[in-house]
Amino acid sequence: MNGKQISIGHRARAAGYTVHVTSGQLNSAGKWARECLGTNATKAIVVSNPTVFAHYGDRLVRSLKAAGFQTASWLMNDGERFKDLRSTEAALKYFASEGLTRDDAVVALGGGVVGDLAGFAAAIHLRGIRFLQIPTTLLAMIDSSVGGKTGVNAASGKNMIGAFHQPSGVLVDVETLATLPKREMTSGFCEAVKHGAVAGRPLFDQTAEYLDRFPPGRSAPASDEFIQLIIKQIAFKASIVRQDETENTARADSRSRKVLNFGHTFGHALEKVTNYRRFRHGEAVGQGIIFAAELSKNLEILGQNEVKLLNDVVHRAGRLPSIPDVGPREFLEALKFDKKLTGGHIQWVLLRGIGKPLIVSETDIPRRAITAAVKKIIKN
Ligand SMILES: NC(=O)c1ccc[n+]([C@@H]2O[C@H](COP(=O)([O-])OP(=O)(O)OC[C@H]3O[C@@H](n4cnc5c(N)ncnc54)[C@H](O)[C@@H]3O)[C@@H](O)[C@H]2O)c1
Ligand SMILES: [Zn+2]
């Protein structure tokens, strides 16, 4: 198949999987799926939502049929609030009613919400069947579709139920971004800035320069330059995931998968205090990057120039919703949410410079440094 490929070999698998980054290859998705799944797969169930399926569903289904798959589609409701066990159960019932066997596969067509839920349902149907990812948001292309974290939200919090389940292949067709709302592009670019900030100057500068020339709304998603950026972004995420596939809780080094949570501790708190309504996930991460930079400065490990640079580049991704008018105490309370994910203590991902992440336990950070950063960001 045409397009660029990144091979992702996971230590836990005999065979790795490949991410194809293409422009306009959705029409050949059936052939690609056949290459990924082999000849013993009979059925391919497409999981999507009505918004995405209206744009790209027919083309995908036609292509799968042409490659000899029996296919059917199950659409979840559109929205983060539907990424839950109830939707998962409905998907599983559908898989069973279609007689999906262990030779068959699920094909996720959509953003991170569809990909996370479809992957999780595939991970538990018959104790795990194969699934393919066709991400259609920028965030899903560079982040959520790669790395094998699947799951849904629960009463106890976001992404609290899930499984590590690697896809058998990822197909990125950047042409699908033509219909993506500008705000969603901003959200994806904030995650791209996050990758750059922890990866190092080459990726950070490439992302910053691209945003300088093509801010969301004025970007040319199908350009070769854009494709090169997407490939570098995915390659970075893959390089981290490859050597820490399940995010080993004992690791705190600068290559640990935890570094991908840069900007997320404050970002999650922001999503929480606004009841997950005001911010797209990436937008909250954008504010979280600014917060983490400020905190790093308060701890005297990051200089003012780099704080300013991070601020500038985050804002190149687009306008972010303002920080809500809630007091510092409420934020400090909301920050505790991340403890559940990291076994009792918040593990802050800070920066000693671009490309120099540092994981620090909250117990090693004076409370006043956090409070000062919260107050500063509320004022801005
Ligand atoms: N698994 C992981 O490693 C990982 C990493 C990061 C984020 N996530 C998860 O990803 C989710 C966020 O994903 P997202 O930002 O892609 O949001 P999303 O899946 O909700 O998609 C955003 C919106 O864009 C629409 N859309 C998608 N593709 C479109 C297209 N091509 N044209 C027009 N509209 C389109 C969707 O219907 C939706 O309304 C969160 O649930 C987050 O927890 C997972
Ligand atoms: Zn994220």
Side-chain angles (χ1 to χ4, degrees), residues 26 47-57 59-60 75-84 87 108-120 123 131 133-154 157-167 170 172-195 197-198 221-222 233-234 237-238 240-241 245-247 257-268 270-271 276 279-289 338 341 349:
L26 188 62
V47 173
S48 189
N49 72 28
T51 316
V52 179
F53 198 83
H55 289 296
Y56 306 108
R59 276 160 66 184
L60 174 59
L75 306 186
M76 66 180 289
N77 290 323
D78 188 358
E80 179 76 37
R81 68 185 185 285
F82 299 107
K83 195 179 98 173
D84 61 6
S87 303
L109 173 73
V113 166
V114 163
D116 278 11
L117 185 132
F120 180 53
F131 85 114
Q133 290 265 25
I134 305 183
T136 62
T137 64
L138 178 58
L139 184 143
M141 288 175 185
I142 64 163
D143 194 350
S144 63
S145 69
V146 179
K149 278 190 182 176
T150 72
V152 296
N153 305 325
K158 254 193 90 176
N159 298 325
M160 292 300 276
I161 299 171
F164 287 98
H165 188 48
Q166 302 293 343
V170 182
V172 171
D173 178 353
V174 295
E175 277 190 7
T176 60
L177 296 177
T179 51
L180 191 70
K182 183 174 156 191
R183 229 185 128 176
E184 301 296 343
M185 287 298 282
T186 294
S187 177
F189 270 121
C190 286
E191 295 277 16
V193 174
K194 171 204 78 178
H195 279 166
V198 293
Q233 286 281 341
I234 295 170
K237 170 135 190 198
I240 295 289
V241 169
E245 194 172 331
T246 53
E247 200 166 320
R257 189 167 179 166
K258 285 177 193 150
V259 300
L260 299 176
N261 295 334
F262 178 60
H264 278 63
T265 300
F266 186 77
H268 287 153
L270 203 49
E271 288 181 279
Y276 301 92
F279 288 85
R280 300 295 306 135
H281 171 71
E283 293 172 334
V285 170
Q287 295 283 18
I289 292 171
D338 262 30
L341 304 172
V349 184

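Atoms within each ligand, like the ligands themselves, are counted from 1 in listed order. Just so we're clear, the structure is a prediction, and the values are computed from it rather than from any experiment.
In terms of distance to the Zn ion (ligand 2), the nearest N, O or S atom of Glu191 is named OE2. The Zn ion (ligand 2) sits nearest to atom NE2 when only the N, O or S atoms of His281 are considered.
Between Asp143 and ligand 1, no N or O atom pair is found at a separation short of 3.5 Å. Distances between N or O atoms of Val113 and those of ligand 1 include at least one value under 3.5 Å.
With a cut-off of 2.8 Å, the Zn ion (ligand 2) has no N, O or S atom of Asp143 in range.
The part of Leu139 lying near ligand 1 is the side chain, judged by heavy-atom distances below 4.0 Å. Here Thr51 has side-chain heavy atoms under 4.0 Å from ligand 1, and that is the only part of it that gets that close. Using a 4.0 Å cut-off between heavy atoms, Asn159 contacts ligand 1 through its side chain alone, with no backbone atom that close. For Glu184, every heavy-atom contact with ligand 1 shorter than 4.0 Å involves the side chain, none the backbone. Contacts between Asn49 and ligand 1, counted as non-hydrogen atom pairs separated by less than 4.0 Å, involve the side chain only.
From the protein, the heavy atom lying nearest to atom 36 (C) of ligand 1 is Asp78 OD1, 3.7 Å. Annotation: atom 29 (C) of ligand 1 to nearest protein heavy atom, Leu180 CD1, 3.5 Å. Protein heavy atom closest to atom 14 (P) of ligand 1, with residue, atom name and distance, is Gly112 N, 3.6 Å. Of the protein's non-hydrogen atoms, the one nearest atom 30 (C) of ligand 1 is Thr179 OG1, 3.5 Å. For atom 27 (C) of ligand 1, the closest non-hydrogen atom on the protein side is Thr137 CG2, 3.3 Å. Nearest protein heavy-atom neighbour of atom 9 (C) of ligand 1: Asp116 OD2, 3.4 Å.
Nearest to atom 40 (C) of ligand 1 by heavy atom, out of Glu80, Glu283, His281, Arg280, is Glu80. Considering each of Arg183, Lys237, Arg81, the one bringing a non-hydrogen atom nearest atom 3 (O) of ligand 1 is Lys237.
Heavy-atom minimum distance, Val114 versus Leu109: CG1-O, 3.6 Å. Considering all non-hydrogen atoms of both residues, Ile234 and Val172 come closest at CD1-CG2, 4.2 Å. For the pair Ala118 and Ala108, the tightest heavy-atom approach, listed with the atom from each and the gap, is CB-CB, 3.7 Å.
For the pair Thr176 and His55, the minimum side-chain heavy-atom distance is 4.5 Å or more.
Distance check for atom 22 (C) of ligand 1: a protein heavy atom is found below 4.0 Å.
Remark: side-chain polar atoms of Asn49 are paired, donor with acceptor, to backbone N or O of Val52 under 3.5 angstrom.
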